[in-house]
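A short write-up of the structure that comes next.
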Amino acid sequence: MSESIISVSNISKSFGGRKVVDDLSLSVAQGEVFGLLGHNGAGKSTTIEMILGINKPDTGSAYILGKDAASARKEIFEKVGVQLQSSSYQASIKVGEVCEEFASLYQNPADYHHLLEQFGLLPLIKSPVMKLSGGERQKLSVVLALIGSPEIVFLDELTTGLDVSARREVWKTLKALKAEGMTLFLTTHYMEEAENLCDCICLIKNGRKVTEGTVREVVDASPYDNLEDAYLWYMGEEVI
Amino acid sequence: MRRFLTLYKIEQKLFFRSPDVFVFNLCMPVVVLLLIGFIAGDQAAGGEDITYIQSAFASLTAVGICCSAFMSIPIVMVDYRDKKILKRLYCSPASPVRLLAADTLCSVVMSAISAVLVAAAAVMVFGYRMEGDFLYFMGAWLLTLISMFSIGLVAAALCRTTKSLNVATSILYFPMLFFSGATIPYELFPKGLQRVADVMPLGVGIDLMKAASIGADMKGSLPNIIILAVIAAVCSTVAVKTFRWE
């Protein structure tokens, strides 16, 4: 395996006395698609926020591209694209305008017209973002994550709330990114998604790591033959 | 700089799309000026050596400042924080400060457009001419703007939720709009209400702008200048120290 470009060692974080992330370590290699899986409130978003420097870990350290994101913010975010869970946009902004705004944030932005075309959003360039469907809006958030021509992209519950066909469409685009050698760090609730996309997965429960490895390894180490059953087994729940 | 201007240009477009900004910031002051002008334009206001149109000119060019400082700035900032737009910008090589700066510039521009519309109506409809030094007036207007904006920034920094912000803007905006002499002429106020206007930050600013516009001796306005400068210094420090982008 090549050198890790995200490395997290023993991070913990508490909010109001409740431990959200507990002594978590993980590492992601270049070009890998890494999936962080867990229930709601398991600490997935908080982990991402600590890697991105939005939240400071109480203990432990998180490095991305060999640096601490909080102190090397400018440099890191030229190379790291982000889609945050449930973020939204200015009230009356249009698709083309939000792209132009994001392009203005980077030194050498990609041509967003090209990205919009790639994601089938070009005909909507003059539409208000508010008028987009859920799938279109999620695809737009991927476009925005890619505008800086990043090496690593973080996607937090990208496909939550999407219908089956929209989800498949998003997968297709993520697979294309993977084929180009992009490193992807994603969180998801859909085991099918993890099976389809991820080279490596890490299951967390109450902020603690339960297991990690390739999908095959994780399934094989359980008494079950598919990831969904294995996941529930790891989470300590009854498999019906 | 070019990249900042791109951001500014788009945010400015969004401002023009907001019906509230259009009505309160651009239309309302001109309408009030026309009303006062037609009703009592040439009459001396309250026995002092200032006519109603002179008084209305100075105070209504401050309404744009009031709308921007106590409505646009805090509402936009808290809205962007609520929607996690600022957090999203933190995850880019630019900082959320760039967006906040662009939006503050939008508010300055809206205040200026509002003042220019009032001035144009006063000059073209009522033949208004400024007796005082135009540069002094500009200086007074700018100082008032900086001072009021700093108060608006404190509201944006301290209010964590849209709900608390709505309360704060109502407490700031409406009293400032009606009781500082910005819309209803100060000279019509009973003595007690005039004392209230005298201690309102916007009232202090309007008093200074009036003095500059009628060519009064600016030495008498020194306390007002000091008050506005102190407000600006204290409030911008508090705002910067307490602002949370998340």
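Lettering of chains follows the sequences in order, A, B, ..., and the numbering in each one begins at 1. FYI, side chains are in, hydrogens and waters are out, and symmetry mates aren't considered; it's all heavy atoms of this structure.
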In short, Ser88(A) meets Ile85(B) closest at the heavy-atom pair O-CG1, 3.2 Å

Tell me the ring pair (Phe, Tyr, Trp, His ring centres under 6.0 Å) pairs involving residues 136-156 of chain A, sequence neighbours left out? Phe154(A)-Phe185(A)

For Tyr90(B), is it the side chain, the backbone, both or neither that has a heavy atom under 4.5 Å from a heavy atom of chain A? both

Taking the side chain as C-beta and beyond, is there a heavy-atom pair between Glu101(A) and Thr6(B) under 4.5 Å? no

Within a 6.0 Å radius of atom OH on Tyr63(A), are there more than 12 heavy atoms belonging to other residues, nucleotides or ligands? no

Below 4.5 Å from any heavy atom of chain A, which atoms of Arg2(B) appear? Answer side chain, backbone, both or neither. neither

Determine which residues belonging to residues 9-27 of chain B lie within contact range of chain A, meaning some heavy atom pair is under 4.5 Å apart, and list them by number or answer 'none'. Lys9(B), Ile10(B), Glu11(B), Lys13(B), Leu14(B), Arg17(B)

Between Ala103(A) and chain B, with a heavy-atom cut-off of 4.5 Å, which part of the residue counts as in contact: side chain, backbone, both or neither? neither

Between Ser92(B) and Phe102(A), is any pair of side-chain heavy atoms under 4.5 Å apart? no

What's the spacing between Cys91(B) SG and Leu144(A) CG if we round to 0.5 Å? 12.5 Å

Picking from Arg98(B), Lys84(B), Lys83(B), Lys87(B), which has the most non-hydrogen pairs under 4.5 angstrom with chain A? Lys83(B)

How about Asp199(A): does its CG atom have over 12 heavy atoms from other parts shown lying under 6.0 Å from it? yes

Portion of Leu89(B) that has a non-hydrogen atom of chain A nearer than 4.5 angstrom: both

Less than 4.5 Å apart, side chain to side chain, heavy atoms only: is that true for Glu75(A) and Pro93(B)? no

One option among Glu97(A), Gln83(A), Lys79(A), Glu78(A) has the most heavy-atom pairs under 4.5 Å with chain B, and it is Glu97(A)

Quick check on Ala70(A) against chain B: is it the side chain, the backbone, both or neither that has a heavy atom closer than 4.5 Å? both

After noting the C-alpha distance and the side-chain angles of Gln107(A) and Arg3(B), does the key distance pass the side chain to side chain contact (heavy atoms under 4.5 Å, CB included) rule? CA-CA 9 Å; Gln107(A) 298 269 1; Arg3(B) 287 156 63 199; 4.1 Å; yes

